[in-house]
Amino acid sequence: MTKTTSTTAIGNFREDTIAAISTSLGPSGIGIVRLSGPDAFSIVHRLFQPAENKPFSPAQYRRLRYGWIVENGERIDEVLVSCMPGPHTYTAEDVAEINTHGGAISVKRVLACVLRCGARLADAGEFTRRAFLNGRIDLAQAEAVMDIIDAKTEQAQTQALQQLSGELSSEINALKESMLHLLSHVEYAINFMEDAQEELPTKPMLEEAEAILQRMDALLQDANSGRLIREGIATVIAGRPNVGKSSLLNALLRRERAIVTDIPGTTRDAIEESYILDGVCLRLIDTAGIRDTEDTVESIGVTISRSQVAQADLILAMLDGSRPFSKDEESFLQEVADKPVIILLNKQDLPLSPSMQSARDRWQDEKPDIPWIALSAKEKTGLDRLKDAILERIFHGAAPKQPAMLSNMRHIDRLTKAKEALEEARRALASGVVLDALEVDLRDSYNRLADITGERAGEDVLDRIFHDFCVGK
Ligand code: GDP
């Protein structure tokens with residue numbers, strides 16, 4: 001299947017030369033200014049003064065050359081440069097890289113020289129976008145590049161690397177091939193058969209559809225784990241003021257990030273911190289401080305917004321075991337009971353209040369699937385039990401060690417829709433429905449798959465995807 005090579009890219013991607021700083025600007029050993037496009041080499045040639053007096057010729061391509069960037073007779077920095085002719089480069093165009101000294105000044109000065117020589121400052125993600133538009137990688141692979149950069153854990157990076165190497169893409173391409181095969185039967189029947197309905201090889205087609213559906217199911221099965229590895233587990237710590245939410249955050253992170261006080265409501269901002277548990281990133285959100293927002297879950301009084309509950313992958317509902325169990329806590333627990341929730345009975349270093357004890361007994365009786373974990377955020381006891389409970393609740397045990405094929409919400413959504421359309425087609429096929437309707441469903445399913453690899457991606461889709469990239473990638 002051919003990938004799009006439309007000229008709908010930003011600017012004239014085949015004609016102009018882009019440049020950007022591809023490393024971060026903090027103190028570091030080296031910085032890299034990268035150029036891509038037809039003038040990449042001539043720009044470097046104008047600015048670079050080699051230490052050895054060898055000509056700047058194709059024989060020197062793909063070699064690191066040592067020298068200086070010089071503008072109007074002034075040495076701007078001591079550098080190493082490399083010129084890599086397309087198409088075997090990151091963008092599939094001519095690419096040059098200038099290694100400067102690290103820190104902000106050298107790279108910025110060299111970039112300024114490059115821009116004065118006619119390069120255009122690259123947009124966010126434009127190098128990767130060109131790699132896509134030039135057909136070197138597909139859209140799923142381009143998205144994997146960003147996932148590698150954004151990865152907070154080794155697992156997330158491994159998973160993304162697998163996608164970059166094309167494993168997901170070849171699965172999707174195989175599904176597309178099978179889908180085209182199904183479609184070809186329908187189209188042949190529509191175009192060439194007199195009694196099209198009769199002529200359709202229904203049985204083998206149903207078998208093929210079934211086989212595709214099974215492969216889709218297998219991909220979707222570990223997609224949620226894949227997503228959680230990629231994005232981290234959005235974990236909301238909810239509870240009334242003063243139950244110990246900030247203390248728990250600090251106990252897990254082992255530092256005083258949230259201000260802990262015994263005056264209710266003193267934590268002003270919702271705080272998000274990353275905590276790595278068994279190689280998986282927990283994105284811990286302390287909800288204290290959002291008490292003024294309107295969209296709060298009223299039953300708990302103050303400290304959590306409905307959208308946070310809705311978006312959470314995990315809710316840690318915290319109670320103060322030393323205090324009486326309140327009515328609003330009961331209704332909050334009822335509200336979140338169907339979601340992935342763990343109830344934390346904090347302050348286990350203090351005596352357990354009788355009403356809390358009976359609430360726990362009743363809940364454990366009525367909803368045995370919801371774990372109750374006794375702990376003390378202050379004394380840091382019960383934390384291991386909490387960590388085990390989180391892994392159990394989210395991954396039914398330990399975090400998966402094998403990377404998932406699917407992890408990006410966009411891909412999961414498209415594959416789910418492709419599957420739904422194919423299920424519709426299977427029903428139609430089995431009940432002998434009009435061929436045109438069958439064709440529409442099969443084509444719809446195919447198109448959803450093609451969205452994953454970006455076969456038909458328009459500029460709006462690309463803008464949305466590459467918008468989140470950093471400049472220089
Ligand atoms: P938040 O409002 O829910 O974030 O609660 P904080 O973390 O600010 O804690 C409120 C008060 O409870 C502070 O004085 C904490 O020291 C205290 N606290 C928190 N956890 C525990 C605990 O496990 N045991 C005891 N005895 N006190 C705790």
Side-chain angles (χ1 to χ4, degrees), residues 233-275 277 282-309 311-312 314-336 339-357 359-360 363 370-390:
I233 301 167
T235 307
V236 167
I237 309 175
R240 303 173 68 191
N242 249 14
V243 293
K245 298 181 296 295
S246 310
S247 303
L248 174 65
L249 197 67
N250 290 335
L252 287 172
L253 301 172
R254 294 201 205 95
R255 62 198 151 100
E256 299 295 307
R257 171 63 175 84
I259 311 147
V260 179
T261 72
D262 41 17
I263 310 158
T266 36
T267 320
R268 277 282 152 238
D269 303 306
I271 294 168
E272 182 175 322
E273 288 276 5
S274 296
Y275 173 74
L277 172 62
L282 274 196
R283 287 166 38 222
L284 288 163
I285 302 150
D286 177 4
T287 56
I290 55 162
R291 49 166 48 213
D292 296 334
T293 62
E294 276 174 19
D295 179 37
T296 50
V297 176
E298 280 165 24
S299 49
I300 193 134
V302 283
T303 57
I304 188 162
S305 75
R306 282 217 158 74
S307 67
Q308 277 181 305
V309 172
Q311 284 162 24
L314 176 67
I315 298 162
L316 300 178
M318 189 180 256
L319 308 170
D320 178 343
S322 69
R323 314 259 313 170
F325 183 65
S326 67
K327 247 202 238 145
D328 62 359
E329 285 173 326
E330 171 71 23
S331 29
F332 176 64
L333 293 188
Q334 292 291 356
E335 186 154 347
V336 295
K339 302 184 187 301
V341 62
I342 296 175
I343 301 173
L344 308 183
L345 205 46
N346 190 31
K347 309 198 186 180
Q348 74 167 167
D349 51 306
L350 302 176
L352 184 63
S353 87
S355 72
M356 206 47 96
Q357 192 167 1
R360 181 188 60 190
W363 267 80
I370 300 181
W372 282 64
I373 305 292
L375 54 91
S376 166
K378 191 174 180 180
E379 308 283 323
K380 302 186 176 49
T381 56
L383 296 181
D384 285 341
R385 250 174 302 148
L386 169 60
K387 293 172 191 172
D388 290 344
I390 293 174

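All of these numbers come straight from a predicted model, not from anything done at the bench. Counting starts at 1 for both ligands and their atoms, in listed order.
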Are any of the N/O atoms on [X], whether in the backbone or the side chain, positioned under 3.5 angstrom from an N/O atom of ligand 1?
X	value
Ala377	yes
Leu375	no
Asp349	yes
Leu350	no

Report the part of Leu248 in contact with ligand 1, treating N, CA, C, O as backbone and CB onward as side chain, heavy atoms under 4.0 Å; options are side chain, backbone, both, neither. neither
More than 12 heavy atoms of other residues, nucleotides or ligands under 6.0 Å from CZ of Arg360: yes or no? yes
Looking at side-chain heavy atoms only, is the closest gap between [X] and [Y] below 4.5 Å?
X	Y	answer
Leu277	Ile233	no
Lys347	Asp349	yes
Leu333	Ile343	yes
Leu352	Leu345	yes

Option with minimal heavy-atom separation from atom 27 (N) of ligand 1, where the choices are Lys380, Gln348, Lys245, Lys378: Lys378
Suppose I only count heavy atoms of Ser247 and a 4.0 Å limit; which atoms of ligand 1 are within that range? 6 (P), 7 (O), 9 (O), 15 (C), 19 (C), 20 (N)
Can you sort out which atoms of ligand 1 are near Ser376, meaning under 4.0 Å from one of its heavy atoms? 22 (C), 23 (O), 24 (N)
Per the side-chain contact (heavy atoms from CB on, under 4.5 Å) rule, which among Ile390, Ile315, Thr235 passes with Ile342? Ile390
